[in-house]
Engineer: 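Take this structure first; my questions come after.
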There are 6 protein chains.
Amino acid sequence: MANKTALVISAHSADFVWRCGGAIALHQEQGYDVTIVCLSYGERGESAKLWKQEGMTLDGVKSARRKEAETAAEALNAHDIRFMDLGDYPLEMDKDAKFALVDIIREVQPDFMFSHSHYDPYNTDHAYATKMAMECRMIAQAWGHNPGQKVLGAPQLYLFEPHQTEQMQWKPDVFLDITPVWEKKWAAIQAMQGQEHLWAYYKNVAENRGNHFRRNSGGQAGGRDCRYAEGFQSVFPRTVDTLG
Amino acid sequence: MANKTALVISAHSADFVWRCGGAIALHQEQGYDVTIVCLSYGERGESAKLWKQEGMTLDGVKSARRKEAETAAEALNAHDIRFMDLGDYPLEMDKDAKFALVDIIREVQPDFMFSHSHYDPYNTDHAYATKMAMECRMIAQAWGHNPGQKVLGAPQLYLFEPHQTEQMQWKPDVFLDITPVWEKKWAAIQAMQGQEHLWAYYKNVAENRGNHFRRNSGGQAGGRDCRYAEGFQSVFPRTVDTLG
Amino acid sequence: MANKTALVISAHSADFVWRCGGAIALHQEQGYDVTIVCLSYGERGESAKLWKQEGMTLDGVKSARRKEAETAAEALNAHDIRFMDLGDYPLEMDKDAKFALVDIIREVQPDFMFSHSHYDPYNTDHAYATKMAMECRMIAQAWGHNPGQKVLGAPQLYLFEPHQTEQMQWKPDVFLDITPVWEKKWAAIQAMQGQEHLWAYYKNVAENRGNHFRRNSGGQAGGRDCRYAEGFQSVFPRTVDTLG
Amino acid sequence: MANKTALVISAHSADFVWRCGGAIALHQEQGYDVTIVCLSYGERGESAKLWKQEGMTLDGVKSARRKEAETAAEALNAHDIRFMDLGDYPLEMDKDAKFALVDIIREVQPDFMFSHSHYDPYNTDHAYATKMAMECRMIAQAWGHNPGQKVLGAPQLYLFEPHQTEQMQWKPDVFLDITPVWEKKWAAIQAMQGQEHLWAYYKNVAENRGNHFRRNSGGQAGGRDCRYAEGFQSVFPRTVDTLG
Amino acid sequence: MANKTALVISAHSADFVWRCGGAIALHQEQGYDVTIVCLSYGERGESAKLWKQEGMTLDGVKSARRKEAETAAEALNAHDIRFMDLGDYPLEMDKDAKFALVDIIREVQPDFMFSHSHYDPYNTDHAYATKMAMECRMIAQAWGHNPGQKVLGAPQLYLFEPHQTEQMQWKPDVFLDITPVWEKKWAAIQAMQGQEHLWAYYKNVAENRGNHFRRNSGGQAGGRDCRYAEGFQSVFPRTVDTLG
Amino acid sequence: MANKTALVISAHSADFVWRCGGAIALHQEQGYDVTIVCLSYGERGESAKLWKQEGMTLDGVKSARRKEAETAAEALNAHDIRFMDLGDYPLEMDKDAKFALVDIIREVQPDFMFSHSHYDPYNTDHAYATKMAMECRMIAQAWGHNPGQKVLGAPQLYLFEPHQTEQMQWKPDVFLDITPVWEKKWAAIQAMQGQEHLWAYYKNVAENRGNHFRRNSGGQAGGRDCRYAEGFQSVFPRTVDTLG
């Protein structure tokens, strides 16, 4: 039987590392095949350090960013990373680009998906990526889109943690214990050579989300000793057989 | 080993039937011991039909309401229903009443709890009950409250479905399949002799929540054939080991 | 047949003038009997000018405030103004006070009611008054409260305009044309001798709400030539036979 | 004198039936001319049952969907239904499409309009249609758009009921009694042969909205005996001469 | 050393007058160079009075609107007003238009920026302009956009006051005392010959915002005697060395 | 001339350390006199470690908590810390307690105040403290409360950072650079012997808020090199003479 699958839709090629690197590594360990889609390399807007190098070109930046992302994916034990190279700042997707993303969604048939917060006044590419994730999820569910293909079910869409959460109207409703794979995430973070100023920041985030995990699993009266966690906001309600 | 437990905090003695009767019956089947606390009988404000009877008294109403609630609990196979008789319209709890509720919470040590929506402009008792549920949950977690007693962990608080959901700012994030216990819930509903005008209403609700369950579990592309469901809004984030 | 009725619940004795004086005068003209309830005189917190007078006492302030309110009510052609004298800054209502307000609600049997915004960080008495209005409306609907009395139906509760609307999370959904009674409202405003600094402010408000009325009734393509208006936020949905 | 008019802007060709079929039939009875605009047929995304038929084509689906919609409109006694055939999943409108919709709005000069909820994470076409309705309403009000044409006034825009209301941030502020035309709506619903799984669902909705109508018009103390209702959310404030 | 700078992004050519004319004049007095960008003339949608003139043409309207805006800018002592002539009702910006706006942002290097509210159901151009302001601010910060140019820092984006604030979800968090420059703003307002119906409205707004300034600076216990003010909503958090 | 002053209203005796210790130390350095009011010791609910000691008593806990808080205040160079000993879990304030807090507010005449977030489902004492802060601020402004006393102006109320910010609906709008006093805050944190599990957590918070400060003051294009910061949410709008 085929593995279970998950799909990450990342606006820029580093987002998946900071925001759901732990979830990727953990589910790979659990037997999922996780596909990472980078809509752009973040080549214009998220590569300040590279652009400060003498003689840098757009292709040079893309190439460096791609290499970093591939290294990070490898550190997370993820084997399927795809670069749609749609451009950034601004990221824009025409109907062809949308349908290409739909093709991937249908191919992967993810059990759940990841993307950015609904709102980000600092970085409109992020919210745009989520808008596209929702639109393409809908198209993938249409029986009249490429009739004969297997249509998509109703995978959850998890919004991973943005920078400056409170400004983004982002509220996590689930914390995932990533302690078992923290070393992998930390290695992936260190692969982001161009954004070293964020390493310690996201280590702090992982530790503090670990505190939230402990509190919400029982605190001083029986909470689990989670050291590192990631938080996610669910777009859709869950369907369950028990509330326990 | 002791059974798992759950606790329902119901402002009036009929609320638990319409709003989480399915969850009660289902978890009883799953081996949980579910305790139902009725803060009041709803004797003043939710017993119009009884008050229209010639010569009715407050004690007469309470007694009739209690009997109905006990019959309903029995239909749900719940064996522990408690009546705090705190009065309704308005429901008010002083420190003694709060501590009595804390005693129950600590005794039950629920894995999860239920109460009303945060807001209800039609029925301020409902929102007040939830406020009390949150406050007493906090007190039950205090190591300095009755030192030596077992303190409470961090049980989820599920807000069950209010009447006119959209006016109550209530948004379900989880749907529970209650098909296997629907007959029990339907029997419990019919035990509410004084509110027959609500029977068909809550049958419709259960059927339509079943539709939502089907959609969110996959829709026409693989959704589960759930016939009846209940919706709940979670107050606290979940802590998990997998997102699948 | 008895007249139609309306009920204003005003935290302090001047609030009804600025916030719904036009509605009072207009509905009096339309044959309604409007009852105004002042929960307090605003004697401690809204009478700065009086307190600056040499030798002023609490009773002196109350007396002056009462006189102003009665004069204003008269200017609005309202014949039923009641002072519950419950104290202000803070306003607090125990069960007796609540039941006294319920008695008035049941006596008046209002077709609609008025009170303050849900939230006011500057003036917690205002939000408290609305909380009480909602709670007492609910009690008045209880068949078990003073059985035999006529129970209340489901009157709309209109939240009238607070000061600094945007800070109060107040959003008007209905504009009432008060042009025909503006002179009465202006006279009532001028009865508020102790708060002359607010006269021009609320004249500006009335004029600008007139502009909103014109825009929402058609603007430059047929809007009605309203000169003065008042805005209200409805707590409950309307029930109608036509949407036109 | 010309009849009063209303305009429905429906993303897909079946939406108008479930969501405002009662309002259409009722206002037709009241002498309104209601125009229904279907931006698309919902041919790709809302026609699963048709696509499951052997050898189905896009044109075949459109044709079947059109026929169903026409039959439904007829059942509602609506004589003016128009199909813009703009495509679905995703629905996209360029400037020509917008101006074509503006032409219709100006031609109809509606007293009020209908469209979808502001937000729908399941179906981005729905929110897009409302965005277009607001944008085209604005253009239709511009004196410089096709100067000489009659410009639009300020018709209310009613957002009709979406599926899974709570997930859509939709809150009804008006309930319309559709009891007198329920048989017509039920006939229209049954015309939707391809979506039989939704018939009972929307019957339940109509019954339960009837309950809400009864409660908000007085409940057990005088509420009107409405059996079926529809709910709507108003985008703009109302302008009135009385609050009664 | 170069002056400090500010940048106004105005959807239509009159918006800057009503909404931040005081801020413009005041900061010009304080030594700032304020650049005003009018994305369109508002020629189609905000020029009803001009279109009512016999034989008016689009160019005629634009020309009249431009003259008015230039006169107003002069009255405010602003020397740099630019007209992008992108069209209105609807305003639409393709990538070229966005990059042209980015060029201006980078040229100006504003210490702070102004634009419209996030939401406006009456006028979708307004919200669109703010969306563009945020997107172009982001692009201007990208090191890979026109490498070698000076990239933008992190200027505050102030959302100026919309018409009918409560309908726009706009909440001011800062009030600016414009008393010293009121005469200039009043002169600029009067330059808007085509919209005389708004003069008194915005005078009322300025006076009432003055009241809000007085209250929030101390009220009757020491508030500053501000006569005229403007309110703004900040998009981004402030960074400070003291909270006093 | 008297120093400027600030007032912290802390529900439990440790809250001021984690949440605004930096602001206290910094403003003390700037010549402010900062008064810290601890409404309770957090003796029942926030002293788990102490209660685990053999033979601990309520007085023993209070005494230990008081000592820790005094040590922390000293580390922050704050000389005025007051313990109202009102009890916790739940914290409740009757009119006497409110008036005692009003007395302090009037005595201090703060230029600005601090308290908790508006909402906290984990800890209802926190939201209650803020409710009291707003109510007592209002009473302190009343000319009729203890006439003759100096009434309060309109100090800002800053809501300091709660635990699990996103669950508390808390959004910071101002970041304060506390780098110059970080060593003092760190010493104060370490005075909290009973809550060592929170030390690293709040160090992470301070570092990450430093990142937010850098970003919002210009980021890689000129942001200030802040190492540690605190975030606050303002309840009231600011009144300013310049937006720069």
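Below, chain A is the first sequence line, B the second, and so on; all start at residue 1.
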Engineer: Which pair of non-hydrogen atoms, one from B:Leu243 and one from A:Tyr158, has the smallest distance, and what is that distance?
Structural biologist: O-OH, 2.9 Å
Engineer: Counting only non-hydrogen atoms closer than 4.5 Å, can you tell me which residues of residues 175-192 of chain B sit against chain A?
Structural biologist: B:Phe175, B:Leu176, B:Asp177
Engineer: Quick check: are there more than 12 heavy atoms from other residues, nucleotides or ligands sitting under 6.0 Å from NZ of A:Lys98?
Structural biologist: yes
Engineer: Looking at B:Pro237 and A:Val174, what are the two nearest heavy atoms and their distance?
Structural biologist: CB-N, 4.2 Å
Engineer: Walk me through it: do B:Asp173 and A:Phe236 pass the test side-chain contact (heavy atoms from CB on, under 4.5 Å)?
Structural biologist: CA-CA 7 Å; B:Asp173 56 55; A:Phe236 301 102; over 6 Å; no
Engineer: Against chain B, label A:Asp111 side chain, backbone, both or neither, depending on which of its atoms sit under 4.5 Å from a heavy atom there.
Structural biologist: neither
Engineer: Would you say the side-chain atoms of A:Gln30 pair up with the backbone N or O of B:Gly244, donor to acceptor, closer than 3.5 Å?
Structural biologist: no
Engineer: Between the main-chain N or O of A:Ala221 and the side-chain N or O of B:Gln141, is there a donor-acceptor pair closer than 3.5 Å?
Structural biologist: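 Checking the backbone N and O of A:Ala221 against the side chain of B:Gln141, no donor-acceptor pair under 3.5 Å is found.
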Engineer: So, does A:His27 use its side chain to make a donor-acceptor pair with the main chain of B:Thr242 at under 3.5 Å?
Structural biologist: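 Between the backbone of B:Thr242 and the side chain of A:His27 there is no qualifying donor-acceptor contact (under 3.5 Å).
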Engineer: Near A:Lys131 NZ, under 6.0 Å, is it more than 12 heavy atoms from other residues, nucleotides or ligands?
Structural biologist: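 Not buried by this count: 12 neighbours or fewer within 6.0 Å.
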Engineer: Within a reach of under 6.0 Å around CD of A:Glu70, are more than 12 heavy atoms found that belong to other residues, nucleotides or ligands?
Structural biologist: yes
Engineer: Does any backbone or side-chain atom of A:Arg224 lie under 4.5 Å from a heavy atom of chain B? Answer side chain, backbone, both or neither.
Structural biologist: side chain
Engineer: Quick one: what part of A:Gln220 sits under 4.5 Å from any heavy atom of chain B, side chain, backbone, both or neither?
Structural biologist: both
Engineer: Kindly give the heavy-atom pair with the smallest separation between B:Ser217 and A:Ala154, and that separation in Å.
Structural biologist: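 Looking at all heavy atoms of both residues, the closest pair is C-CB, 4.4 Å.
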Engineer: With only heavy atoms counted, which part of A:Phe112 is less than 4.5 Å from chain B, the side chain, the backbone, both or neither?
Structural biologist: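 The side chain, not the backbone.
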Engineer: If the condition is side-chain contact (heavy atoms from CB on, under 4.5 Å), which residues does B:Thr165 pass it with, not counting sequence neighbours?
Structural biologist: B:Glu161, B:Pro162, B:Trp170, B:Arg209, D:Thr165, D:Glu166
